[in-house]
Structure formats: structure tokens, C-alpha cells
2 protein chains.
Amino acid sequence: MAMNVHEIPAEADEVLALRLRALAHPARLAIVRALAQTGRCQCGQIVRGLTLAQSTVSQHLKVLKEAGLITGTIEGPRSCYCLDRATVQALADEVLPLLARLAAPAAEAEASETDAPGNPDPRAGALA
Amino acid sequence: MAMNVHEIPAEADEVLALRLRALAHPARLAIVRALAQTGRCQCGQIVRGLTLAQSTVSQHLKVLKEAGLITGTIEGPRSCYCLDRATVQALADEVLPLLARLAAPAAEAEASETDAPGNPDPRAGALA
DNA sequence: ATCGTTTATCGTCGATTGACGATGATTTCA
DNA sequence: TGAAATCATCGTCAATCGACGATAAACGAT
């Protein structure tokens with residue numbers, strides 16, 4: 001334990017939560033799926049594909065960008081968005097084991113590890 | 001409560017978003033992880049593990065329950081919460097392929113398709 | 001029957017979200 | 001140079017979230 005102040009464990013959960021929250025909206029799901037298909041997309045194409053105002057779509061793109069899931073580069077008068085595959089992969093590498101553990105029968109007392117991370121601490125506390 | 005009819009495509013994304021949003025909070029991540037370890041937990045144990053008020057924890061449990069990720073049964077004067085492994089598995093079965101596609105190089109035009117894989121349609125529109 | 005424990009719900013409050021229109025910046029095209 | 005197009009940002013508004021304390025409901029134990 002003795003975890004030093006270097007890595008705040010709680011911080012990891014906040015990043016994870018941030019990314020999950022970014023995906024947790026129908027419009028943003030549609031956006032990332034569209035980007036997965038086309039590879040790259042201009043903002044306008046996305047706007048035309050949805051029934052949302054341009055400014056609203058821009059906001060959603062901002063949320064996804066702040067979560068690190070996509071990158072946006074300015075190309076002339078338009079913006080080209082692209083999935084950040086590395087971040088998506090990192091998210092997958094974190095979510096998969098998590099869901100696997102949640103779906104597993106019941107870890108029960110594991111000899112190894114665990115929890116030690118011990119400090120899930122959502123807001124500050126820790127699940128003893 | 002209105003559970004749905006049968007298959008509205010947009011509805012599927014809303015359920016997915018609902019479940020992702022349920023997981024997208026540090027406190028709720030801590031709760032489901034705790035449940036994964038212990039198998040079942042009374043509300044009080046969870047409350048003591050976190051630094052949140054009892055009513056707040058109860059709210060988080062409600063969110064998770066409404067998302068179908070956990071089940072709560074009343075046992076005497078206390079409530080026993082348990083992960084709904086089936087729902088978690090279903091979520092995994094939906095999220096994993098999604099993340100895999102997002103992290104993939106770029107599907108590009110598969111056969112013909114106009115991308116119509118369906119109707120992403122977030123709020124109503126559709127990505128043409 | 002009453003008390004104490006446990007949990008859900010209610011009401012409130014501040015902060016955030018999601019939507020929109022309007023505006024402004026930037027670049028291309030005529 | 002001017003007009004049109006594209007996109008981000010700002011301000012606003014209603015709705016939701018997240019937290020809390022207080023209260024009520026259900027049950028076991030006295």
C-alpha cells in the first residue's frame with residue numbers, strides 16, 4: 001500500500017468514467033460508429049446525418065474529443081474528425097477485464113490481488 | 001414501465017447508453033466492483049465502504065438497478081444487492097464488438113453498402 | 001407495543017447536460 | 001475584394017444529476 005502520491009488510484013476511475021460517459025449518449029454513439037465506417041468525417045457530414053443542430057453536434061464532438069476518443073484537425077475551412085484508435089483500444093483493454101469480472105460467477109476471496117488497489121474511493125472513501 | 005415493444009432500432013442505443021451511463025461514475029464503478037468481489041452486499045456495507053451519505057448510495061444503487069445491472073431483494077429489514085450477471089454479459093456482448101470495430105483500422109466500404117447498417121439515428125435522424 | 005436498525009423516498013440546492021439560435025473566425029470561390 | 005460556406009464558441013433555457021438531510025416504512029428485538 002503505501003501508495004505514494006504519484007498515482008491517485010481514484011484518478012483512473014475518473015478517466016474511465018469520463019470515457020464511458022462520452023459514449024453514453026445515442027448521438028455520440030452514432031458519431032463514433034459513423035467515424036468507424038468512414039474513417040474520417042467532416043463535421044458537416046455528421047451534421048447532415050443527424051437531426052441535430054450544427055452547434056449541438058459540435059458540442060458532442062467536443063465531448064468526444066475531451067474524452068480522447070476522437071481527434072479533430074482543421075483542414076481549411078472545415079474540421080476533419082477521426083477516431084483515436086489508441087485511446088479506444090486502451091478503453092477496451094480496461095473495460096473488457098472489468099466486464100469479465102463483473103459477469104464472472106463470483107470471485108470470492110482471491111488469494112492474489114486484489115483489491116488492493118485498494119482504494120476505489122469514489123469520492124474519497126474506500127470499500128473496505 | 002414501459003419496456004419497449006419489440007425492436008425500435010434507436011431504442012437499442014438508448015438502452016446501451018443507459019447502461020454505459022450507469023457505469024460512468026466513480027462511485028458506481030466502486031459499487032459494482034465491490035459486488036463482484038463479495039457476490040452480494042447489503043446496502044449498509046456499501047455505505048460504510050464509501051464516504052457518501054446513505055441516501056446518496058441508495059440513489060446510486062437505484063440507478064444501477066434501473067439499468068438492470070444489479071438486482072435488489074429485500075431481506076428482512078435490509079436489502080441485499082447482487083450483480084445481474086446476465087445483463088452484464090449482454091452488455092459485454094454489445095460493447096466488446098463495438099469497441100473492437102472502433103479500434104479497427106477502418107472498415108471502409110464493405111461490399112456495397114451504403115452504410116446502412118442500420119439506423120444509427122440518435123435522436124431521430126440517420127446518418128445517411 | 002415500543003424501540004432501534006436498516007433502507008427507500010422526498011425535497012432541496014448547486015452544478016452540469018443537452019438542446020438551440022446567434023455570432024464570429026477562417027478559408028474558399030467568384 | 002466580396003460573398004458563401006464551414007465550424008467553434010457564446011449565451012440561454014429547461015431538464016437532469018449528484019449530493020445532502022430529513023423523514024417514512026419495514027422488520028427484529030426488547
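As a basis for the values below, the full set of heavy atoms in this structure was taken, side chains included, without hydrogen atoms, waters or symmetry mates. Chain naming here is simple, since letters A, B, ... match the order of the sequence lines and numbering starts at 1 in each.
Going from atom CD1 of A:Ile31 over to atom P of D:dC7 covers 13 Å, rounded to whole Å. For B:Glu14 and C:dG18, the CD to P distance is 13 Å, given to the nearest whole Å. We find that CG of A:Leu52 is positioned 17 Å from P of C:dT17, with the value rounded to whole Å. One can place CG of A:Leu23 at 12 Å from P of C:dG18, the figure rounded to the nearest angstrom. Rounded to a whole Å, the CD atom of A:Gln42 is 13 Å from the C1' atom of C:dT27.
The shortest distance between the side-chain N/O atoms of B:Tyr81 and the OP1/OP2 oxygens of C:dA8 is below 4.0 Å. Remark: A:His25 is not in phosphate contact with D:dT16, judged by side-chain N or O atoms under 4.0 Å from OP1 or OP2.
How far CD of A:Gln45 is from CG of A:Leu50: 11.5 Å, rounded to the nearest 0.5 Å. A distance of 11.5 Å separates CG of A:Leu69 from CD1 of A:Ile31, quoted to the nearest 0.5 Å.
If you find the closest nucleotide of DNA chain D to A:Arg21 and to B:Ile74, the one lying nearer the 5' end belongs to A:Arg21.
Distance from the side chain of B:Arg28 is smallest for D:dG18 among the nucleotides C:dG18, D:dG18, C:dA8. For A:Arg78, the side-chain atoms get nearest to D:dC7 when compared with the rest of D:dC7, C:dA19, D:dG18.
Scored by the side-chain contact (heavy atoms from CB on, under 4.5 Å) test, B:Ala86 finds B:Asp84 as partners (sequence neighbours excluded).
Put simply, the side chain of B:Arg21 never gets that close to the backbone of B:Leu16: no donor and acceptor are under 3.5 Å apart. Within the 3.5 Å criterion, the main-chain N or O of A:Gln54 finds no donor-acceptor partner in the side chain of A:Ser58.
For the segment residues 53-72 of chain B, residues with any heavy atom less than 4.0 angstrom from an atom of DNA chain D are, sorted by number, B:Ala53, B:Ser55, B:Thr56, B:His60.
Salt bridge status for A:Arg19 with A:Glu14: absent, with no side-chain N to carboxylate O gap under 4.0 Å.
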